[in-house]
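To start, the structure itself, in structure tokens.
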2 protein chains.
Amino acid sequence: MLTRGKLAKHVGCNIETIRYYEKVGMLSEPDRGANGYRQYEELHIKQLQFIQRAKGLGFSSGSIKTLMEITHNIEARTRAEVKTLTDAHILEISQKIKDLQKLEKTLISLTDQCDGANKSAKHCPIINSMYEI
Amino acid sequence: MLTRGKLAKHVGCNIETIRYYEKVGMLSEPDRGANGYRQYEELHIKQLQFIQRAKGLGFSSGSIKTLMEITHNIEARTRAEVKTLTDAHILEISQKIKDLQKLEKTLISLTDQCDGANKSAKHCPIINSMYEI
DNA sequence: ATTTGACCCTGTATGAAGTACAGAGTTTAT
DNA sequence: ATAAACTCTGTACTTCATACAGGGTCAAAT
């Protein structure tokens, strides 16, 4: 049983963020003690860690909510639903990977052209490439 | 000479976004006509396209402002500065790619093990593996 | 046992990065 | 001439958090 502050410290997020995630339905509501304090369990730690990971990967709150449903609320879902949702997300993820790889390739080729020497940036290929349509 | 609406249409952004970019100093202030209307020129088209392209490459607004400043005050900056900024971004992107690939792999293993039959997912054996993402 | 400090509760305000809208003036088209 | 379409400004709303204010609670030191 963790309080909100303990949970925040444990996963390394802001204490208010937890309340926010609860408000928008990304984190399931914990039980409350007689004093009204939230009582967090293992489940909430895992949910929060998952959210943090997905956030870091640039997923929207909507997507995270769906992913949360797949991973956490799986009891309430049929296998067909799970498979459909997951397949859609795999597509989304593989597209993101492709986009990022393209981006990475572009940036690497740009820095390769740029020797980083201590000269004026007037003719820097990075800036020039961005000015080009 | 373009009005705000024409510029927005030309570069494919929201008309209000242009005013916003001007407000935060990302887009330089255009001249005004006798009626007070903004009069945009080639420069502003290029600046907007620069912003869009940099955003598309995943640069934050802060980084874009820096890059914009570099181009405005070009003699004071060096290629090394631009290269440093870009290199940091490449690192971030390659980490994102790695994270996404790991997530994709996990999700694929999830669907591979799921027969998609119209049964409850309650006892789906891979719930725990999802938490290891 | 009391007090002090750290913690929790709620609601509300703030920040970034836009987007939308209201009310007023201007240009364009029919 | 008049309506539609556009522009101007300021302000409000959105999302994803983060911060703060005013009040209640817990736990440890005195």
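Numbers restart at 1 for each chain; the letters A, B, ... are given by sequence-line order, proteins then strands.
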(request) Tell me which residues in residues 32-42 of chain A put a heavy atom below 4.0 Å from DNA chain C, sorted by number, or none. (result) A:Arg32, A:Gly36, A:Tyr37, A:Arg38
(request) Would you tell me if any nitrogen or oxygen in the side chain of A:Arg4 comes within less than 4.0 Å of OP1 or OP2 on C:dC9? (result) yes
(message) Strictly below 4.0 Å: does B:Thr3 bring a side-chain N or O up to OP1 or OP2 of D:dC6?
(response) no
(message) Is any side-chain heavy atom of B:Glu22 closer than 4.5 Å to one of B:Pro30?
(response) yes
Between [X] ([atom1]) and [N] ([atom2]), how many Å, whole number?
{"X": "B:Lys9", "N": "D:dA5", "atom1": "NZ", "atom2": "P", "answer": "11 Å"}
{"X": "B:Met1", "N": "C:dT27", "atom1": "CE", "atom2": "C1'", "answer": "17 Å"}
{"X": "B:Ile18", "N": "D:dC6", "atom1": "CD1", "atom2": "C1'", "answer": "14 Å"}

(request) Mind checking ring-ring contact (aromatic ring centres under 6.0 Å, His included) for A:Tyr40 and listing every partner two or more places apart, or none if nothing turns up? (result) A:His44
(request) Could you walk me through whether A:Glu41 and A:Met1 pass the side-chain contact (heavy atoms from CB on, under 4.5 Å) test, one step at a time? (result) CA-CA 5 Å; A:Glu41 299 165 54; A:Met1 290 295 189; 4.0 Å; yes
(request) Going 5' to 3' through nucleotides 12-18 of chain C, assign each nucleotide B (protein heavy atom under 4.0 Å from a base atom), S (under 4.0 Å only from sugar-phosphate atoms) or - (no protein heavy atom that close). (result) B----BB
(message) Nearest heavy atom decides the nucleotide; on that basis, is A:Val24 or B:Ile15 closer to the 5' end of DNA chain D?
(response) B:Ile15
(request) Look at the side chain of B:Gln47 and the backbone N and O of B:Ser28, then say whether any donor-acceptor pair between them is shorter than 3.5 Å. (result) yes
(message) Applying side-chain contact (heavy atoms from CB on, under 4.5 Å) to B:Ile51 and B:Val11, what does each step give before you reach the verdict?
(response) CA-CA 11 Å; B:Ile51 293 166; B:Val11 302; over 6 Å; no
(request) Could you tell me whether B:Arg19 and B:Glu16 have a side-chain N and a carboxylate O separated by less than 4.0 Å? (result)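 Looking at B:Glu16 together with B:Arg19, the answer is yes, because their closest N to O distance falls below 4.0 Å.
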(message) Check this for me, if you would: do A:Arg38 and A:Glu29 make a salt bridge, where the nitrogen-to-carboxylate-oxygen distance has to be below 4.0 angstrom?
(response) no
(message) As a quick check of understanding, evaluate side-chain contact (heavy atoms from CB on, under 4.5 Å) for B:Lys46 and B:Glu42, giving each step before the final call.
(response) CA-CA 6 Å; B:Lys46 292 198 169 186; B:Glu42 266 310 302; 4.2 Å; yes
